[in-house]
2 protein chains.
Amino acid sequence: MTESRYRDIADVLEREIADLPPGTRLDSEHALMKRFGVGRSAARSAVQELERRLRVRRIQGSGTFVSERIDYVISRDRRPSWHRTVREAGGVPRTVVLDHRVAPLEPDCASLLEVPVGTPAHRLVRSSYIDDMIAAFSFEWITHDAIPDLSVGMRVEESLDEVLRQMGHVHSVRSWCRTASDIPPADVQARLELTTAVPVWVVESVNRDIDSGVALTYSKSWMRGDSVRVVMEIGEPAARFSVTPNETKEVVPQ
Amino acid sequence: MTESRYRDIADVLEREIADLPPGTRLDSEHALMKRFGVGRSAARSAVQELERRLRVRRIQGSGTFVSERIDYVISRDRRPSWHRTVREAGGVPRTVVLDHRVAPLEPDCASLLEVPVGTPAHRLVRSSYIDDMIAAFSFEWITHDAIPDLSVGMRVEESLDEVLRQMGHVHSVRSWCRTASDIPPADVQARLELTTAVPVWVVESVNRDIDSGVALTYSKSWMRGDSVRVVMEIGEPAARFSVTPNETKEVVPQ
DNA sequence: GAGCATTTGTCCGTATGTATT
DNA sequence: CAATACATACGGACAAATGCT
């Protein structure tokens with residue numbers, strides 16, 4: 001492969017920031033120029049390389065910051081809760097309601113929630129953060145029957161899963177889920193504060209009450225790849241196999 | 001957001017190549033400079049933007065080519081066959097065996113295949129292509145019981161699923177699967193002919209015989225994001241919902 | 001194999017624009 | 001308003017990989 005100074009610099013920086021807490025600011029491009037004795041382009045390429053590796057995110061006018069990337073494991077038996085998942089990974093979750101209204105369900109949502117088209121349901125639009133860094137953007141539909149006064153609950157508790165438990169007296173579990181990765185549409189890209197077109201996670205999910213089996217919520221979320229690593233599992237649990245497919249012990253032959 | 005000429009150029013080119021067959025070569029950077037009346041950096045940035053959008057892949061010394069991106073849908077009821085999936089998407093699949101040996105199973109694989117540690121099994125290392133463009137790289141372990149003379153079958157048929165059907169007389173189905181997206185280790189990155197560190201799919205799968213329930217194969221594959229869009233589904237099928245989570249009808253409020 | 005043109009990859013210096021603090 | 005930091009862009013140069021003669 002082609003030699004490159006910027007890759008060396010990126011490797012050095014990657015090792016350095018490995019132990020730094022998320023949100024820590026890196027040296028500016030100008031500082032890197034002086035430190036490594038290179039021009040602007042090499043210094044800039046190095047930091048962009050780290051951005052491609054999902055190690056940092058850059059904000060114009062502000063700086064380059066160590067990113068926080070948590071595992072978001074989706075399987076039949078895990079609670080469908082953003083807040084819970086983030087906290088278990090050691091991050092501080094936060095969710096902001098951008099819009100909340102009660103509206104009749106469109107055909108797509110209605111069929112997934114197994115109610116007649118036009119049935120009124122809560123419609124939430126929210127942004128989610130990890131350690132105050134934007135991580136996800138989502139639409140959520142919650143059947144009106146599950147919890148008529150959703151807004152009351154959402155004022156004291158950010159986790160939808162928790163609100164449904166405490167005020168709706170239902171325990172939601174994932175009954176269906178579809179995950180992919182894609183270039184988001186421009187509006188979603190803007191919501192995720194992405195300045196360039198990169199793949200993000202698309203997670204759709206239908207949750208039901210564990211006891212009655214009644215469909216409660218349908219959600220469609222976009223998640224930044226540098227915030228979460230979505231891991232999706234189907235079938236019987238992986239016996240004694242490690243959960244992280246990160247480490248590769250196998251060596252490529254020849 | 002920041003204005004940029006290169007984004008405009010990228011948009012123009014993206015529309016132009018939308019209808020071109022995969023593998024078609026784009027204009028060189030030099031040609032784009034003259035055509036759009038910009039310098040090299042702007043022309044180059046435009047093509048790199050298309051690369052980030054997974055629309056093209058670039059090969060040093062050769063050129064920039066329209067990429068082929070197929071849907072790879074993983075669910076309980078779909079056949080675990082690369083060749084079948086690619087062909088259904090209109091692409092031409094090809095697989096090359098890099099290494100084939102019979103070796104005793106390590107603990108991890110043995111437990112997933114539910115046989116004693118050290119049981120001999122076939123170990124395949126293969127590269128897979130779509131329209132002669134590298135798309136995937138995988139390790140596969142096949143229990144020796146399922147098909148003792150695997151190499152004979154692999155000489156006439158590239159699809160492992162087909163070989164097992166025709167020579168092993170077993171019909172494999174996915175019993176467990178885990179999918180994620182990650183920056184690959186350097187050796188895998190090289191195998192995928194990636195010159196920069198970008199996220200790729202990691203798909204692990206255990207397949208069993210549909211009749212006896214006996215575990216047949218365990219595989220770990222890496223797939224380029226600009227070759228396949230992995231879609232994974234758990235739970236009951238999505239009713240009348242479209243399979244592609246691409247189109248976003250919802251409008252972001254305010 | 002050697003040589004050559006083409007194409008992308010890396011890097012420099014410099015300048016200006018834009019967003020944040 | 002000023003300073004800082006990232007974003008875009010120009011022109012030039014050389015390196016490395018590819019493909020063809």
Side-chain angles (χ1 to χ4, degrees), chain A residues 1-13 17 23-52 55-67 132-134 189-190 192-198 226, chain B residues 1-13 17 23-52 55-67 132-134 189-190 192-198 226:
Chain A
M1 211 200 307
T2 310
E3 279 303 310
S4 56
R5 184 92 178 83
Y6 82 83
R7 243 178 265 266
D8 296 340
I9 298 175
D11 290 341
V12 171
L13 293 177
I17 66 177
T24 306
R25 180 151 151 211
L26 267 72
D27 284 345
S28 70
E29 293 173 359
H30 190 72
L32 293 174
M33 285 170 66
K34 287 196 291 189
R35 175 177 168 194
F36 291 98
V38 295
R40 173 94 195 272
S41 60
R44 182 171 172 74
S45 290
V47 188
Q48 284 178 325
E49 171 74 17
L50 291 181
E51 193 176 27
R52 280 193 295 271
R55 310 312 240 142
V56 302
R57 56 173 75 178
R58 325 191 66 196
I59 300 171
Q60 185 177 358
S62 182
T64 301
F65 305 89
V66 177
S67 66
D132 288 324
M133 289 189 286
I134 181 78
Q189 191 176 307
L192 290 175
E193 294 173 20
L194 288 167
T195 53
T196 182
V198 288
D226 57 2
Chain B
M1 212 201 306
T2 309
E3 277 305 310
S4 56
R5 184 93 178 83
Y6 81 83
R7 243 178 266 264
D8 296 340
I9 299 174
D11 291 340
V12 171
L13 294 177
I17 66 175
T24 306
R25 181 153 149 208
L26 266 71
D27 285 344
S28 71
E29 294 173 1
H30 189 72
L32 292 175
M33 286 171 64
K34 288 196 292 189
R35 176 177 167 193
F36 291 99
V38 294
R40 170 123 190 252
S41 61
R44 183 170 172 75
S45 291
V47 188
Q48 285 178 324
E49 171 73 16
L50 292 181
E51 195 176 26
R52 282 193 294 270
R55 310 313 240 145
V56 303
R57 57 173 74 179
R58 324 191 67 195
I59 299 171
Q60 185 177 359
S62 182
T64 302
F65 305 89
V66 177
S67 66
D132 287 325
M133 288 188 286
I134 180 77
Q189 191 176 309
L192 290 174
E193 293 172 20
L194 288 168
T195 53
T196 182
V198 287
D226 57 1

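Scope of the values below: all heavy atoms of this structure, side chains included, with no hydrogens, waters or symmetry mates. This structure is a prediction, so every number in the text was calculated from the model and none was measured. Chain A is the first sequence line, chain B the second, and so forth, proteins listed ahead of strands; every chain is numbered from 1.
Note on A:Arg58: a side-chain N or O is less than 4.0 Å away from OP1 or OP2 of D:dA7. Taking 4.0 angstrom as the limit, B:Arg25 places a side-chain polar atom (N or O) nearer than this to OP1 or OP2 of C:dT7. Taking only side-chain nitrogens and oxygens, B:Arg7 comes nearer than 4.0 Å to OP1 or OP2 of D:dT8. The side chain of A:Arg44 contributes an N or O atom lying less than 4.0 Å from OP1 or OP2 of D:dA7. Look at B:Arg5 and you won't find any side-chain N or O under 4.0 angstrom from OP1 or OP2 of D:dA9.
Here the nucleotide nearest the side chain of B:Ser41, chosen from D:dT8, D:dA9, C:dC11, is D:dA9. Here D:dC10 is the nucleotide among D:dC10, C:dT10, C:dT18 with the atom lying nearest to any side-chain atom of B:Val38. Side-chain proximity of A:Ala42 to the nucleotides D:dA17, C:dT18, C:dC11 is greatest for C:dC11. For A:Tyr6, the side-chain atoms get nearest to C:dC11 when compared with the rest of D:dA9, C:dC11, C:dT8. You'll find that the side chain of A:Ser62 is closest to C:dT21, out of C:dT8, D:dC6, C:dT21. For A:Ser28, counting side-chain heavy atoms from C-beta on, the closest listed nucleotide (C:dC11, D:dC6, D:dA17) is D:dC6.
A:Glu193 has its CD atom 14 Å from the P atom of C:dA19, to the nearest Å. Atom CE in A:Met33 sits about 18 Å away from atom P in C:dT10, given to the nearest Å. Atom pair A:Glu49:CD and C:dG9:P shows a separation of 13 Å (rounding to whole Å applied). One interatomic measurement links the two molecules: CZ of B:Phe65 to P of C:dT7, which rounds to 10 Å at whole-angstrom precision. One can place CD of B:Glu51 at 17 Å from P of C:dT7, the figure rounded to the nearest angstrom. The distance between atom CD of A:Glu29 and atom P of C:dG17, rounded to the nearest whole Å, is 18 Å. Regarding B:Arg40, its CZ atom lies at a distance of 11 Å from the C1' atom of D:dC14, rounded to whole Å.
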query: Where do B:Thr64 and B:Leu50 land on the side chain to side chain contact (heavy atoms under 4.5 Å, CB included) test, with the steps shown first?
result: CA-CA 10 Å; B:Thr64 302; B:Leu50 292 181; over 6 Å; no
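Between B:Gln60 and B:Thr195 the shortest side-chain heavy-atom distance does not fall below 4.5 Å. Under the 4.5 Å side-chain criterion, counting only non-hydrogen atoms from C-beta, B:Leu32 is in contact with B:Leu13.
If you check every strand for non-hydrogen atoms under 4.0 Å, B:Gly39 touches sugar and phosphate atoms only.
Distance check, rounded to the nearest 0.5 Å: CD of A:Glu51 to CZ of A:Arg44 gives 8.5 Å.
Other residues, nucleotides and ligands contribute only 12 or fewer heavy atoms inside 6.0 Å of the CZ atom of B:Arg55.
Nearer to the 5' terminus of DNA chain C, by closest-nucleotide assignment, is the contact made by A:Ser45 (compared with the other of A:Ile59 and A:Ser45).
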